[in-house]
Amino acid sequence: MPLEEIRGSFRVFENSLRGSLQKVGFEHLQVGCDCASKYVQGTVAASYPLSKVGNGTSFFKIILQESENPCSKAGAINTYMFGKLAEECASVVHQGDIVVVAGFSMAKSTSEADGHCCRLEVSDEAGSTIYIKMKRKIKTRESTHQVCTRSSNTITGSETIAMPVTPSYTYTPLNRVKGGTIVNLYGAVKFFKPPYKCKGTDYCSVITIVDQSDAKLICSLFNVNRDALPQIYKNGDIVRFHRIKIKEFSGQLQGISSSGFAALTFDGAVGTPVVPRTSSKLFTFTDEDRKTIEDLRIWVASNLLNSAVVAKLSGIQPPMYFDLTCQLVGKAKLDGSSYLLKVWDGTKCPFTYWKLHVREDDLEGDSVLIHRLRNLTVDVVVYDNHVQLAKSLKVGTFIRLYSLHAKFQSPEDEPDVSYLQFHLHGGTTYGRGITSLPEGHADVEDLKKFLNSVDLMEDESSESPSEPENAYFTLLRDHQHFEVTALSTILNSRSPQPYRIRAKLRQFEPEKLHQSVKLHCPQCNLLCKHCSNPKAIASLSPLATQKDPLWEPTTIAQALGLVPLEYVFVMKFMLDDGTGTLNVYLMDCKDFFQIPASEVLTNNIFQENIERIMNKLCPSGTNLDDLPWLDCFIKSYYVTDGREQQICYRVFDTTIAEDV
DNA sequence: TTAGGTTTGG
């Protein structure tokens, strides 16, 4: 906490502080000294009213008197507080309180009247911590109606101070860090785990940094606020850590964020703007910092081998783990431990890849856009610890998926085919994780430009640019001896029977393919019907007591009184042979299109195939004369709603074939 | 406190 009250013995408190910080006397304070591992202690001699500096930041000034050396020449020093910390201190700090300041910086005094050549500067954002030992305990208004009066030497009046402040920090090369110290560091990121929620109360980011000394340091950084952790997006980024604690673990030195820790991150590429990424509003940045970063960038360019594999969807070579920069188009909860992210990067994945079947209602995102981008988006399944972050991502934002796994997988019942799947496995090994890239990030701007240049119409019309204009025809699987019957004859006949017809497809429903896939009950031969008579789970007991129980879905379903439903295509064709038109139903699992209905919703290649077939059989805006003739078997049958009988027709023993 | 790079499921 940036502001803490010291309760109990001050001596005990000071002993605990000495474990990590060193006390420094006022006379040793000067601009340029290393204050990272130091603290000062003094008594509040005076305080000024809370005010604001030019940019609107709150400002609070106190004069600290060195407690143990009241006669010292440098016995007092001005302490300037900024931001939230200033506001908090202004409400609790009073004359006579003992104050301990850690994480301060030094600035040159603006007036000789200050009594010291420099002043202390502290702020929440800079990671300062102020400990206060109250002179007297305050009674609250709630506990008593007596308003507590404390002696206060508040100086009235406003004052203008010079901004920005320029304190001086000393940075330790990585080969010089020592255990038990608190140091300031610069380094290039060699490896990192994007912030993730750890088992404790905080978010954690593990970052390995290297520098020109060729030493490396693994740092574990914690913060309750994800955004307060360094915003690293790729290896090679440059970080500046202030007040990082060095300790030994398993014979190796490591860095750990301690009280007052603060970080800045910079793009590590030579020539890019030197703009610090930070959630802090207040931080120091000097010409020297700029020089350090530029030097490190040059070193990174020829010394840091980036182990991360970065790929576009068009260039992946499965199986592989890679980092993908993309835009989130849709998202959906799958189950408690997995989550779907539909993403695109403007390029087309050249492999047959897995599409998950998600109910439209469960999919968050613009359904029109999702449909338009259907041939360019891939489905990424993220697991376990990544679910929480995935859930929080806003559709439309740009994200980077780290160590995304692309691998082929065959469905259990189809060993001959395999689909490419994208998984972000659980855990954080190898830096697996997700970051949301901010607007304005160079990679985001580049990707945006590229996505805007993608011509979706072109993509749709040139999905297979070199593919010949294949024709489709129907194959009759049996009964070839049947004579062709005119539709007018069929329309005049009322007896249920099979026919061979030759007609053109004038219209079909539904237009949207996904609406044609239904669940069908093979027992009663009807759609979404309840033939199941579910039994208690105990009904499985007889099966379990068998010598070699057969734990197959059909056996289990039977024992539980369930009739498994199956996926079928249900379509209505309006056929025309010039003698009349007839509405004929198609209800088919896999034989008509030679594509299983159970797979089509999850496989975009199958969807494209069917769309292509239907577009050939019944292209929109084409005259009946130009449509292809189709040979089909149909049969007539009666359906009844209990009162009236109606004659219907459906396709059977007919298959669509491609004329290659 | 947490993690402590890593040898990578669904």
Side-chain angles (χ1 to χ4, degrees), chain A residues 1 20 174 177 179 187-210 215-226 228-230 232 234-237 239 241 244-259 261 304-309 311 316 318-324 332-341 353-358 379-388 390 401-412 418-434 602:
Chain A
M1 294 298 289
S20 53
L174 294 181
V177 294
V189 175
K190 184 177 177 290
F191 167 86
F192 71 103
K193 292 184 175 186
Y196 61 96
K197 190 87 177 70
C198 62
K199 285 181 190 152
T201 55
D202 294 344
Y203 282 90
C204 171
S205 185
V206 175
I207 300 160
T208 304
I209 55 171
V210 288
K216 78 166 188 181
L217 185 73
I218 298 170
C219 304
S220 296
L221 310 179
F222 299 96
N223 202 294
V224 73
N225 178 8
R226 169 191 292 274
L229 288 168
I232 296 165
K234 60 172 164 233
N235 291 345
D237 279 353
V239 289
F241 293 157
I244 187 162
K245 193 198 267 177
I246 306 297
K247 66 171 195 177
E248 203 182 301
F249 176 79
S250 292
Q252 232 187 355
L253 289 177
Q254 66 171 203
I256 186 160
S257 54
S258 61
S259 171
F261 172 81
L304 190 74
L305 275 174
N306 189 355
S307 54
V309 178
I316 55 170
M320 75 188 296
Y321 292 87
F322 68 110
D323 294 351
L324 177 69
K333 186 188 170 184
L334 297 175
D335 61 45
S337 65
S338 63
Y339 203 85
L340 166 68
L341 298 178
Y353 52 91
W354 192 255
K355 287 269 179 179
L356 278 101
H357 175 46
V358 179
D379 285 357
V380 174
V381 183
V382 310
Y383 294 93
D384 306 335
N385 54 314
H386 309 300
V387 169
Q388 186 212 14
L401 300 158
Y402 298 94
S403 204
L404 179 61
H405 191 188
K407 69 155 186 174
F408 283 107
Q409 181 85 27
S410 295
E412 257 182 32
S418 64
Y419 308 96
L420 189 62
Q421 302 190 348
F422 295 91
H423 299 281
L424 188 71
H425 298 302
T428 62
T429 53
Y430 281 97
R432 281 196 295 255
I434 311 172
T602 56

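To find a chain, count down the sequence lines: A is the first, B the second, and so on, and within it residues start at 1.
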J.: Map A:His405 and A:Thr201 onto DNA chain B by nearest heavy atom, then report which one ends up closer to the 5' terminus.
T.: A:Thr201
J.: Under 4.0 Å, counting only non-hydrogen atoms across every strand here, what does A:Ile256 touch: a base, just sugar-phosphate, or nothing?
T.: base
J.: With sequence neighbours left out, what residues match A:Asp323 under salt bridge (Lys or Arg N to Asp or Glu O under 4.0 Å)?
T.: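 For A:Asp323, no residue satisfies salt bridge (Lys or Arg N to Asp or Glu O under 4.0 Å) once neighbours in sequence are set aside.
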J.: Tell me if the aromatic rings of A:Tyr383 and A:His423 count as close, with their centers under 6.0 Å from one another.
T.: yes
J.: For A:Arg432 versus A:Ser403, what's the shortest heavy-atom pair and its separation?
T.: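 Scanning both residues completely, I find the closest heavy atoms to be CG-CB, 3.6 Å.
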J.: For A:Tyr196, answer base if it contacts any base atom (sugar-phosphate contacts may also be present), sugar-phosphate if it contacts only those atoms, and nothing otherwise; contact means non-hydrogen atoms under 4.0 Å.
T.: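 Sugar-phosphate contact only - A:Tyr196 comes under 4.0 Å of backbone atoms but never of a base.
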J.: Do A:Asn306 and A:Asn235 have side-chain N/O donor and acceptor atoms under 3.5 Å apart?
T.: yes
J.: Under a criterion of less than 4.0 angstrom to any heavy atom of chain A, what are the 5'-terminal and 3'-terminal contacting nucleotides of DNA chain B?
T.: B:dT1 to B:dG10
J.: Answer with base, sugar-phosphate or nothing: what part of the nucleic acid does A:Gly431 contact at a heavy-atom distance below 4.0 Å?
T.: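 Touches nothing.
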J.: With a 4.0 Å cut-off on heavy atoms, is A:Thr429 in touch with a base, just the backbone sugar-phosphate, or nothing at all?
T.: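 A:Thr429: backbone/sugar contact only, no base atoms under 4.0 Å.
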J.: If you measure only the distance, is there a donor-acceptor pair under 3.5 Å linking the side chains of A:Lys190 and A:Thr208?
T.: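 There is no such pair between these side chains.
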J.: Of all the heavy-atom pairs spanning A:Leu221 and A:Pro230, show the shortest one and how long it is.
T.: CD1-CG, 3.5 Å
J.: If you find the nucleotide of DNA chain B closest to A:Asn223 and the one closest to A:Tyr383, which residue's nucleotide is nearer the 5' end?
T.: A:Asn223
J.: Is it true that A:Phe261 and A:Phe241 have ring centroids separated by less than 6.0 Å?
T.: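 Aromatic pair counts; centres sit under 6.0 Å.
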J.: Wobble G-U and Watson-Crick pairs count when both distances are under 3.5 Å; given that, what is the 5' to 3' dot-bracket string of DNA chain B, with | for pairing to other strands?
T.: ..........
J.: What nucleic acid atoms does A:Thr428 come within less than 4.0 Å of, heavy atoms only: base, sugar-phosphate, or nothing?
T.: nothing
J.: So what does A:Lys190 hit on the nucleic acid, given a heavy-atom distance under 4.0 Å: a base, only sugar-phosphate, or nothing?
T.: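 Here A:Lys190 touches the bases of the nucleic acid.
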J.: Would you say the ring centers of A:Phe322 and A:Tyr402 fall short of 6.0 Å from each other?
T.: no
J.: Looking at A:Asn225 and A:Tyr203, what are the two nearest heavy atoms and their distance?
T.: C-CD1, 4.3 Å
J.: How is A:Lys407 classified with respect to the nucleic acid when contacts are heavy atoms under 4.0 Å: base, sugar-phosphate, or nothing?
T.: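 Sugar-phosphate, no base atom in range.
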